[in-house]
Amino acid sequence: MRAAYIEKLGSADVIRYGEVPAPVPGPTDVRVNVLATAVNHVDTFVRSGLFPTQLAFPFVVGRDLVGTVAEVGPGVTGFRVGERVWCNSLGHEGRQGAAAEQAVVAADRLYHLPDGVDPCAAVAVLHPGATAYLALFTHGRLSVGETVVVAGAAGQVGSALVTMAARAGARVLATAGAHDASYCAESGAAEVFDYRAPDLAARIRAAAPSGVDLYLDTAGVNDLETSVELLARRGRIVLLAGAGTRPVLPVGPLYMNDRSVVGFVISHATSDELAEAAGYLNDLLGRGALHPRRIEVLPLSAAAGVHARLERGELRGRRAVLRTDVDG
């Protein structure tokens, strides 16, 4: 089969496109004919070695896929050949990736795609959507009526956070560029603040005088000196970006008010957590309530170029989707 793969860690130009052996499913696996896969920042982290994980070379890159069932292992129930399915947890901890014509997926990491959902639109939101769900509900413990700050609310994960938090009955305060204010409001933000404003913290404090219950920084700024002070009693901060930051933590205001800071990556989510997130995403996808802002569809052979563009910051506001049925 054709695939985008690497034979060593390195920059985007180590990605090769060509023939590799087709994967063979085990008894509890499903072999999938891949139609589309998305390119995520975490894919570049794994490929470069920034995010160490178990790899077997040649290693097929990529996390997410939408496709159809090609073969079902003898120990698998609930899937039939020809059904449309998706996965968002390949390419990590020894699992080969999704950027190929075929992929093998453990049955407990595979989910049905709702009828009528566009595969490119779906694959573009699977990773950011599941990340947002886990950040809000699993790690952020969001409750109805709470006030949530989403920093970087116009991004892929940020916009999903805004949508989900608003639908869950939270009041969402978003920070983004001024040109993205209307988009954040359409996603469900009650108020949007320009992240460049010199008095940003004062504006948030005025909008939430009793404090913020949950603060999520998708921009990777991680200014804990400011965000901890904005929290209500027992307020929580969830960190999910900014691997190179080394913020100062104001310990007194943190522990004297029962506040907390937690970090998480979706790569460490359990299969049960992923399945819970998948059920929520499928509900939103089926309702047409979760969709990417913009999509750029490219052939699978363009994987190396897309990795390079993503690292250079050239895909802001867009999701790159690679299709196996598009010629290069």
Side-chain angles (χ1 to χ4, degrees), residues 1-5 19-40 42-43 46 53-131 133-134 266-286 300 303 321-326:
M1 67 173 185
R2 292 175 296 177
Y5 64 94
E19 299 284 336
V20 297
V24 178
T28 59
D29 295 332
V30 176
R31 184 165 56 87
V32 177
N33 289 328
V34 179
L35 173 62
T37 182
V39 180
N40 304 297
V42 69
D43 302 334
V46 170
T53 186
Q54 179 185 348
L55 301 179
F57 296 111
F59 172 72
V60 177
V61 299
R63 291 289 179 100
D64 314 332
L65 66 80
V66 167
T68 58
V69 174
E71 181 183 353
V72 178
V76 175
T77 59
F79 293 100
R80 293 179 298 178
V81 172
E83 289 182 322
R84 296 201 312 166
V85 291
W86 65 268
C87 175
N88 62 346
S89 60
L90 295 182
H92 189 261
E93 292 187 344
R95 298 183 292 276
Q96 285 287 338
E101 291 179 316
Q102 293 189 332
V104 163
V105 184
D108 63 352
R109 292 175 177 267
L110 190 67
Y111 320 106
H112 292 93
L113 186 70
D115 292 339
V117 176
D118 177 73
C120 287
V123 80
V125 299
L126 298 179
H127 184 78
T131 299
Y133 177 87
L134 294 171
I266 191 174
S267 298
H268 301 320
T270 67
S271 57
D272 286 343
E273 289 170 342
L274 290 171
E276 181 180 315
Y280 187 91
L281 292 184
N282 271 347
D283 180 65
L284 293 188
L285 288 169
L300 186 60
V321 172
L322 306 177
R323 289 189 62 133
T324 61
D325 61 348
V326 173

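Remember, it's a predicted structure, so these values are computed and weren't measured experimentally.
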D115 atom CG, neighbour heavy-atom count above 12 within 6.0 Å: no
Side-chain donor or acceptor of H92 paired with backbone N/O of V46 under 3.5 Å: no
Side chain E101, main chain M1, donor-acceptor under 3.5 Å: no
Approximate separation, where rounding is to 0.5 Å, of L113 CG and C87 SG: 12.5 Å
Donor-acceptor pair between T324 and R2 side chains, under 3.5 angstrom: no
Distance in Å, Y111 OH paired with L285 CG, rounded so as to fall on 0.5 Å steps: 13.0 Å
Audit row: L300, V34, side-chain contact (heavy atoms from CB on, under 4.5 Å) steps and yes/no: CA-CA 11 Å; L300 186 60; V34 179; over 6 Å; no
Test item: V39 and L322 side chains (from C-beta on) under 4.5 Å apart, heavy atoms: yes
CG on N282 to CG on L126, rounded to 0.5 Å: 8.5 Å
Minimum-distance pair of heavy atoms, taken over all atoms of L281 and A130: CD1-N, 3.6 Å
Closest heavy-atom pair and its distance - V123, A36: CG2-O, 3.7 Å
Backbone N/O of V42 and side chain of N40: donor-acceptor pair under 3.5 Å: no
P58 backbone acceptor or donor facing Q96 side chain under 3.5 Å: yes
Atom pair CD1 (I266) and OG (S89), whose distance is rounded to the nearest 0.5 Å: 8.0 Å
Closest approach of A22 to Q102 (non-hydrogen atoms, all atoms of both residues): CB-OE1, 3.9 Å
CZ on R84 to OG1 on T68, rounded to 0.5 Å: 10.0 Å
Student check: side-chain heavy atoms of V76 and L110 closer than 4.5 Å: no
For A38 against A124, the heavy-atom pair lying closest together: CB-CA, 4.5 Å
Backbone N/O of A98 and side chain of R63: donor-acceptor pair under 3.5 Å: no
Heavy-atom pair of closest approach, residues A303 and A4: CB-CB, 3.6 Å
Closest approach of P119 to V66 (non-hydrogen atoms, all atoms of both residues): CB-CG1, 3.6 Å
D64 backbone acceptor or donor facing T37 side chain under 3.5 Å: yes
V85 vs V30, side-chain contact (heavy atoms from CB on, under 4.5 Å): CA-CA, chis, key distance, verdict: CA-CA 10 Å; V85 291; V30 176; 5.9 Å; no
Interatomic spacing from CZ in F79 to CZ in R31 - rounded to 0.5 Å: 15.5 Å
Test item: R323 and L35 side chains (from C-beta on) under 4.5 Å apart, heavy atoms: yes
Distance-only donor-acceptor check, side chains E276 and Y133, under 3.5 Å: yes
Under 3.5 Å donor-acceptor, D43 side chain and V61 backbone: no
Donor-acceptor contact below 3.5 Å, side chain E71 vs main chain V104: no
